[in-house]
Amino acid sequence: MIASDLRGGVEKLGDMIAEAKVIVPFTGAGISTECGIPDFRSPGGIWTRNRPIPYDEFVASQDARDEAWRRRFAIEPTFAAAKPGRGHRALAALYRAGKIPAVVTQNIDNLHQNSGFAPDHVIELHGNTTYARCIGCGESHGLAWVRERMDATAHAPDCPACGEPVKTATISFGQAMPEDAMRRAAQLAQHCDLFLAIGSSLVVWPAAGFPMLAKNCGAKLVIINNEPTEQDDLADLVIRHDIGETLGPFMGN
Ligand code: NAD
């Protein structure tokens, strides 16, 4: 059912939240656009400007790694300035109230953690861009260290411990999905009674399979997105409005 207007949608969502015992939110780039981080597919989004660098290319080519890190540092001021938005804060309020055990996210911006979720309760399907990791030994590195090495050598650094390339701790196209995060996300989808798909175009698989999994396991499904998604027909409630406007009323104090 598509909510006829924002107010009706918020009221119905409020009823569903009140009835639910276990709510699992699944968030995409749309929850962070009001924080100043552009999404991928909207006009002006990241993809409309840069072709993504697939994982194999990153591993094989120093030039690709240099370019990937140049792009990463070009968007750093945007990421560093971003604060949790109304959507993040509303979910954090429901988390504090014990209604949300954990959030499943496609986002890489650390804003759920910054809004008050314990790191272990943020299931990151596509990793996190606020730090770096060696693709060989898995050692974590701070972005400041990577920048210092790039400034000194004009090239993306390799890991001092094992010599393999260092990459943002994100999942690139062609890179294996994180098994533990996928397993935990599936468990959460299977054991909730309300699943909220918020600001995801629901086209990036396998992550986009979770709303359907939740629905098939008996949960009610709500989709909040300012554009239609391919999964709207599955949903018990579709709110086709701005996420901050929709979730703002649930921020609490
Ligand atoms: P997407 O860009 O494909 O879709 C975002 C969706 O949110 C779109 O359907 C758009 O219409 C909607 N939207 C944008 N702003 C909105 C608003 N204020 N209110 C309501 N709807 C809004 O994003 P996606 O499906 O999450 O992702 C693809 C990939 O992009 C993910 O893998 C993620 O890792 C990556 N990504 C992450 C960030 C981030 O961490 N903030 C930003 C860009 C891309």
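Everything quoted here is computed from the prediction, not taken from an experiment. We count residues from 1, following the sequence as given. Numbering of ligands and ligand atoms starts at 1, following listing order.
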- Message: Could you work out, for atom 39 (C) of ligand 1, the closest of I75, N225, I198, D109 by heavy-atom distance?
- Response: D109
- Query: So do the side chains of V203 and E230 get within less than 4.5 Å of each other, counting heavy atoms only?
  - Reply: yes
- For atom 4 (O) of ligand 1, the option (of A208, P228, S201, P38) bearing the nearest heavy atom: S201
- Yes or no on side-chain contact (heavy atoms from CB on, under 4.5 Å) for L125 and M177, after CA distance, side-chain angles and deciding distance? CA-CA 7 Å; L125 300 177; M177 294 293 284; 4.2 Å; yes
- Would you say A29 and ligand 1 have an N/O pair spaced under 3.5 Å apart? yes
- Can you check whether F79 has an N/O within less than 3.5 Å of an N/O in ligand 1? no
- Message: When you measure from the heavy atoms of E245 to every atom of ligand 1, does any distance fall below 4.0 Å?
- Response: no
- Query: Is the shortest side-chain N to carboxylate O distance from R149 to D158 below 4.0 Å?
  - Reply: no
- May I ask you to check if ligand 1 and I37 share an N or O to N or O distance below 3.5 Å? no
- Message: Considering both backbone and side-chain atoms of G28, is one of its nitrogen or oxygen atoms within less than 3.5 Å of a nitrogen or oxygen in ligand 1?
- Response: no
- Message: Can you tell whether the side chains of D120 and R184 come within less than 4.0 Å, N to carboxylate O?
- Response: yes
- Task: Measure up the Y95 and F117 rings against each other and bin them: parallel (under 30°), tilted (30 to 60°), perpendicular (over 60°).
- Result: parallel
